[in-house]
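Residue numbers start at 1 and run along the sequence shown. This is a predicted model, so every value here is computed, not measured.
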Amino acid sequence: MRVPLADLVQQYYSIEEEVNAAVRSVMTSAQFILGPTVIKLEEDIAEYSGAKYGVGVNSGTDAILLALIANDIGVGDEVITSPFTFVATVEAIALIGATPVFADIDPATFNLCSKNVEAKITSRTKAIMPVDLFGQMAPRDEFVALAEKHGLEIIWDAAQAIGASYNGKRLGEWPGTSTLSFFPTKNLGGAGDGGMILTNSETIRDRLIQIRFHGSGGGYVYARVGYCSRLDALQAGILGVKLPHLDAWNNGRRVNAERYLAGINSKYVVLPCTDPKAHHIYHQFTIRTKHRAELMVHLKSNLIDSGIYYPLALHLQEAYKYLGCKAGDYPHSEQAAAEVLSIPIHPGLTTEQINHVITQINAFAP
């Protein structure tokens with residue numbers, strides 16, 4: 001019995017007619033760049049997330065990049081974030097000429113620890129960027145209080161967390177700017193790249209609209225130096241079809257997670273922890289084990305996919321050696337990178353597949 005880490009073909013077949021109709025609608029309209037399909041998706045996702053505004057862009061990476069620029073962050077500024085995340089989080093900070101500053105994670109949730117962040121604040125700190133890793137929102141109340149205390153901007157990297165909430169409040173109901181990714185394997189994924197920025201600030205919204213379109217927002221008058229980062233209408237059409245299914249898909253992930261949590265009892269595995277304030281939507285179900293290589297071989301031999309997100313903390317990556325970090329600086333992040341393993345959690349899994357994964361993990365003996 002094969003158990004894939006993701007099954008986008010199965011997802012497509014479940015909504016095939018709706019997706020095909022949306023694609024035909026865009027094709028026959030010949031409005032491929034922005035336009036009414038993108039505007040509707042921006043409005044729908046903003047409403048779904050509890051934000052006033054959504055601004056669609058070319059990718060989740062661009063969403064972070066443009067959010068930083070729209071918040072006036074640039075050369076000479078420091079942005080504190082996690083070393084245990086996908087590279088785009090840190091990459092965007094570096095690309096605008098700001099300095100990424102790392103703080104260690106909470107080893108239980110894998111999310112940035114607010115106490116560790118506060119210890120890193122200097123006179124050059126302009127913003128903090130928590131990451132909602134694996135579908136669990138970082139502790140919003142702690143970071144909002146911290147930002148208000150020190151007069152900092154908050155940019156939430158919520159690429160993995162659309163549909164999540166914290167203390168009963170959705171992404172857009174918290175202060176700050178949130179960024180989303182629509183990479184195909186995300187909980188809400190397109191048929192290619194795509195991203196969005198959520199904000200409750202009209203000023204930030206207007207800046208983003210300019211920045212994403214060469215600094216003009218349309219036409220041939222340029223108010224600022226900008227980028228070409230527009231969400232394609234084809235992607236918006238497909239995402240618009242998927243959005244009404246998102247809650248059901250997220251609930252499916254949560255049900256699968258509950259089955260794992262109840263069924264896996266291996267002494268070689270540590271199960272993921274959920275903050276009691278968080279509504280976790282399980283973009284990944286990530287276990288920890290000191291026997292990762294052996295477990296991966298065991299799972300593969302039983303036709304079960306697994307993945308490592310992420311195998312080397314960013315402060316130890318060649319590209320970021322210029323920041324002067326060394327092994328041992330962020331021990332929780334380094335240990336997580338050495339131990340994490342994500343197993344299939346997508347909503348298309350059958351009960352038999354879930355039981356197969358549980359059986360094989362429990363049978364594992366290094």
Undergrad: Report yes if some heavy atom in the side chain of Ile287 is under 4.5 Å from a heavy atom in the side chain of Tyr268; otherwise report no.
TA: no
Undergrad: Quick one: does Asn362's side chain get under 4.5 Å of Ile264's, heavy atoms only?
TA: yes
Undergrad: Starting at CG of Leu180, measure out to CD of Gln160 and round the result to the nearest 0.5 Å.
TA: 11.5 Å
Undergrad: Answer yes if the side chains of Gln210 and Ser216 hold a donor-acceptor pair under 3.5 Å, and no otherwise.
TA: no
Undergrad: Using 30° and 60° as the class limits, which term best fits the ring planes of Trp156 and Phe143: parallel, tilted or perpendicular?
TA: perpendicular
Undergrad: What is the minimum heavy-atom distance between Ile162 and Leu171, and which atoms define it?
TA: CA-CD1, 3.9 Å
Undergrad: Within a strict 4.5 Å, meaning less than it, do heavy atoms of the Val19 and Tyr12 side chains meet?
TA: yes
Undergrad: List the atom of Asp132, the atom of Ala138, and the distance in Å for their closest heavy-atom pair.
TA: OD1-N, 2.8 Å
Undergrad: Could you check whether Arg253 makes a cation-pi contact with Tyr282, meaning its NZ or CZ is under 6.0 Å from the centre of the six-membered ring and within 45° of the ring axis?
TA: no
Undergrad: In terms of hydrophobic clustering (I, L, V, M, F, W, Y; side-chain heavy atoms under 4.5 Å; direct or indirect links), are Leu112 and Ile93 co-clustered?
TA: no
Undergrad: Checking His279 against Gln136 for the side-chain hydrogen bond (donor to acceptor under 3.5 Å, both in side chains) test, could you report, in this order, the C-alpha distance in whole Å, the side-chain angles of both residues, the deciding distance, and whether it holds?
TA: CA-CA 7 Å; His279 178 78; Gln136 178 168 210; over 6 Å; no
Undergrad: Please determine whether a side-chain nitrogen of the Lys or Arg among Lys290 and Glu339 lies less than 4.0 Å from a carboxylate oxygen of the Asp or Glu.
TA: yes
Undergrad: Can you see which heavy atom on Ala327 is nearest to which on Leu316, and at what distance?
TA: N-CD2, 3.5 Å
Undergrad: Do the side chains of Arg288 and Pro272 get nearer than 4.5 Å, heavy atoms only?
TA: no
Undergrad: Does any part of the side chain of Phe102, heavy atoms only, come nearer than 4.5 Å to the side chain of Leu323, both counted from C-beta?
TA: yes
Undergrad: Is the closest side-chain heavy-atom distance between Arg140 and Lys169 below 4.5 Å?
TA: no
Undergrad: For residues 79-89, tabulate all N or O donor-acceptor pairs below 3.5 Å that involve a side-chain atom, not counting sequence neighbours.
TA:
residue, atom, partner, partner atom, Å
Thr81, OG1, Met129, O, 2.7
Ser82, OG, Phe84, N, 2.9
Ser82, OG, Phe84, O, 3.3
Thr85, OG1, Thr89, OG1, 3.1
Thr89, OG1, Phe86, O, 3.3
Thr89, OG1, Asp157, OD2, 2.6

Undergrad: Quick one: does Leu314's side chain get under 4.5 Å of Gln317's, heavy atoms only?
TA: yes
Undergrad: Write down the atom of Val38, the atom of Ala233, and the distance for their closest heavy-atom approach.
TA: CG2-CA, 3.8 Å
Undergrad: Run the numbers on Asp72 and Arg207 for salt bridge (Lys or Arg N to Asp or Glu O under 4.0 Å), then give the verdict.
TA: CA-CA 10 Å; Asp72 289 326; Arg207 288 177 184 173; 3.2 Å; yes
Undergrad: Between CG of Asp193 and OG of Ser181, what distance do you get to the nearest 0.5 Å?
TA: 7.0 Å
